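In this text the structure is predicted, and so the values were computed from the model without any measurement. Whatever order the structure lists ligands and atoms in, that order sets their numbers, starting from 1.
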Amino acid sequence: MPDNTAARSTASTFPSGPDAKAVPEPFTLVIFGASGDLAHRKLLPAVFGLWQDGLLPPQFSLLGYARSPTGDDEFRRGAADAVAKFTHGRTVDPKTLEAFASRLHYAVGGYDDLACFQAIRRRLEDEAAREHRPPNTLFYLATPPEAFGPVVRRLGESGLSRRGAAAAPWSRVVIEKPFGSDLASARTLNGKVRAAFKEHQVFRIDHYLGKETVQNILVLRFANSIFEPLWNYKYVDHVQITVAESGGVEQRGPYYDRAGAVRDIMQNHMMQLVCLVAMESPLSLAADSVRDEKVKVLRALRPIPAVCGPEGVIRAQYAAGEVRGKQVQGYLREPGVAPDSTAETYAAMRVFIDNWRWSGVPFYLRTGKRMAARVTEIAVRFKPIPQVLFGAPGRSPVEPNTLAMRIQPNEGITLRFQVKVPGPAMQIEPFQMDFGYAEVFERAAPEAYERLLLDAAHGDPTLFARGDEIEAAWTFIQPLLDGIKQCLVQRLPQYPAGSWGPKEADALMEVDGRRWMLVRRPTGTR
Ligand code: BG6
């Protein structure tokens, strides 16, 4: 293991984000949709992780709210099971879990029923009064998206939203994705949210922003002096962003069939990655400085024509195939998917950012389900050198440098550069210098949801999307959706499950004289 102790002992702490040991003020987390999949798989294990690490105050409490008629005991048992099953990378201490479960409660009710919301309000205020603390509340919307509008409206009408409150008792709302299904619905939802809350109370989640390696993009770019001078159209040839998943749609067929890859991944996670790679240095790490710069990138994206075909977005669906040695069925046979569906499980496109820094530099984006491996990587490909010295006739041209940021798995950074092979001949080969988080830092990166929940409890929205940011991302995506609507295709191009996508996406690169690449290549892939 490399000895990095000296380097780490001088580590600096940024003024943004909670102090590693800071515990938020006592508050209640109210989870709407508490009986659902997201609550069980992600939220309850994340809240427990924070509790076990001592990052929540002893008076913290959690109120699960959903339509299913369940009591406190049953909810606690279900939560304990979920924590045991879905906690990864840490040991669950049974005594701590018992103490945690005793802080959980459940309320049954509808998402559009004012009387139920008024009852929650009384309940929260009584509990806070008993414990001699202000009724600070963090609401988490983990319901089906149709319920987001009604829930925020009722939070406003019942007074639970405490619109504008900046100090205790505070009230904040975390809204899950999808935030709208197109530009118009995102605007409508923003309108409803703003009627009940002020922007500083609203935390629109994109869990990619909670990933350590995503946050590290800013550190790599702005805490080092050697990259920034090269980070522009003069030296960068192009940028590739790959978000590949080996999993299929699993139990989410009905949702996914309405969404497709453009809405599910491109509009949110990929746009965030584009912003972080392309943005200018913010004035400070304050939430609005960072978000202002991201919005500028989104506004500078060159509009994609609303046409059906490769000038818009390349779309495809996975067919049956083999993923990691297992036969899997095609998308059209997945449960909850229409047998004649034209929802894309793969999407690729070329985008340009029409500002000074990125003038003429293509950003190639691709995402897909049931691909050969699960990998998220950003590769910055630099311009080729003049071939006058080493590119003699008969020799292949010297490969340009690439800097790759591996977001997951095997998180790390790789620089690919040329070295001379020892020996009498001037033989040049590319070499990779790898930095892997797991090898350097002994502790595992915290779960994205843990970081995000803690930030929301501290009132820090830096890692959440602002209302105008969401709308700017939808503004860019909307013509793509319009183009897709015009496509009267009976069947989308197919790619075998376990491959790297359709040939149409390779052709997108080939016409530009380029090809898709993965620098930190997962084993067993081509
Ligand atoms: C979600 C999408 O936002 O992100 C899923 O809805 C996708 O379809 C998931 O599988 C990927 O997240 P991660 O953290 O597993 O890369």
>> By the definition side-chain contact (heavy atoms from CB on, under 4.5 Å), identify the one residue from Asp460, Val174, Leu463 that meets it with Leu452.
In response: Leu463
>> If the threshold is 4.0 Å, N to carboxylate O, is there a salt bridge linking Asp37 and Arg252?
In response: no
>> Around atom CD of Gln251, are there more than 12 heavy atoms from other residues, nucleotides or ligands closer than 6.0 Å?
In response: no
>> Within the supplied structure, the quantity of interest is the number of heavy atoms (other residues, nucleotides, ligands) at a distance under 6.0 Å from Lys42 NZ; does it exceed 12?
In response: no
> Do NZ/NE/NH1/NH2 and the carboxylate oxygens of Asp506 and Lys503 come within less than 4.0 Å?
Replying inline: no
Between ligand 1 and the protein, find all N/O pairs closer than 3.5 Å and give the distance for each.
| from | atom 1 | to | atom 2 | distance (Å) |
| --- | --- | --- | --- | --- |
| ligand 1 | 3 (O) | Lys177 | NZ | 2.7 |
| ligand 1 | 3 (O) | His269 | NE2 | 2.7 |
| ligand 1 | 4 (O) | His269 | NE2 | 3.4 |
| ligand 1 | 6 (O) | Lys177 | NZ | 3.0 |
| ligand 1 | 6 (O) | Arg252 | NH2 | 2.8 |
| ligand 1 | 6 (O) | Asp264 | OD1 | 2.6 |
| ligand 1 | 6 (O) | Asp264 | OD2 | 3.4 |
| ligand 1 | 8 (O) | Arg252 | NH1 | 2.9 |
| ligand 1 | 8 (O) | Asp264 | OD2 | 2.6 |
| ligand 1 | 8 (O) | Lys369 | NZ | 2.8 |
| ligand 1 | 10 (O) | Glu245 | OE1 | 2.5 |
| ligand 1 | 10 (O) | Glu245 | OE2 | 3.4 |
| ligand 1 | 10 (O) | Lys369 | NZ | 3.1 |
| ligand 1 | 12 (O) | His207 | NE2 | 3.1 |
| ligand 1 | 14 (O) | His207 | NE2 | 2.8 |
| ligand 1 | 14 (O) | Lys211 | NZ | 2.6 |
| ligand 1 | 15 (O) | Arg374 | NH2 | 3.4 |
| ligand 1 | 16 (O) | Gln408 | NE2 | 2.6 |

> What residues form a ring-ring contact (aromatic ring centres under 6.0 Å, His included) with Tyr495, not counting sequence neighbours?
Replying inline: Tyr346
